[in-house]
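Written below as structure tokens is the structure these notes are about.
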Amino acid sequence: MRRSEFTRAVTAEFGGRGAALVADLALGPLDYRTAAQALEDGVPPREIWLALCEEADVPESRRHGVGLIETRKR
């Protein structure tokens with residue numbers, strides 16, 4: 001997962017409150033850093049996405065594939 005895919009996933013799942021969650025929610029699986037802090041520290045976006053999903057109780061069915069760039073049809 002790229003950082004841009006992470007951003008799309010956050011927007012798709014959390015809508016307008018996504019930016020606040022990224023900036024303010026302390027994520028236990030990431031040593032209680034926010035998603036923004038973890039991104040700055042170089043933590044892979046996919047790891048951050050999964051931690052955010054865990055903390056926000058996102059169902060497993062919506063944790064994978066959200067925000068991915070669609071492949072081009074030939």
Side-chain angles (χ1 to χ4, degrees):
M1 174 179 265
R2 295 182 182 120
R3 194 170 181 157
S4 60
E5 294 166 337
F6 170 79
T7 301
R8 279 194 296 281
V10 169
T11 300
E13 182 61 39
F14 301 109
R17 66 186 187 129
L21 289 173
V22 168
D24 298 331
L25 182 63
L27 303 171
L30 300 176
D31 298 324
Y32 295 95
R33 291 177 285 184
T34 66
Q37 290 168 328
L39 284 167
E40 270 187 41
D41 292 345
V43 176
R46 180 156 187 81
E47 186 176 332
I48 299 167
W49 168 245
L50 293 174
L52 183 59
C53 288
E54 183 178 322
E55 290 292 324
D57 293 324
V58 173
E60 290 232 9
S61 63
R62 294 198 317 250
R63 293 184 186 190
H64 304 287
V66 176
L68 296 177
I69 299 171
E70 291 185 28
T71 57
R72 292 183 184 176
K73 294 180 182 178
R74 294 178 190 232

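Position 1 is the first residue of the sequence, and the numbers go up from there.
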For this session: Measure across A51 and L27 and return the closest heavy-atom pair with its distance rounded to 0.1 Å.
Result: O-CD2, 4.0 Å

Problem set entry | Reported OG1-to-CZ distance for the pair T7 and R2, which is rounded to 0.5 angstrom | 13.0 Å

For this session: Of all the heavy-atom pairs spanning P45 and F6, show the shortest one and how long it is.
Result: O-CD1, 3.7 Å

For this session: Apply the test side chain to side chain contact (heavy atoms under 4.5 Å, CB included) to residues L52 and L25: give CA-CA distance (whole Å), side-chain angles for both, the deciding distance (0.1 Å), then the verdict.
Result: CA-CA 8 Å; L52 183 59; L25 182 63; 3.8 Å; yes

Problem set entry | Check: E55 and P29 side chains under 4.5 Å, non-hydrogen atoms | yes

For this session: Keeping to residues at least two apart or across chains, list the salt bridge (Lys or Arg N to Asp or Glu O under 4.0 Å) pairs with something in residues 19-38.
Result: R33-D41

For this session: Give a yes or no on whether the backbone of T34 and the side-chain of Q37 come within a donor-acceptor separation of less than 3.5 Å.
Result: yes

For this session: Taking side chain to side chain contact (heavy atoms under 4.5 Å, CB included) as the test, write out the residues that go with A56, two or more places apart.
Result: F14, V58

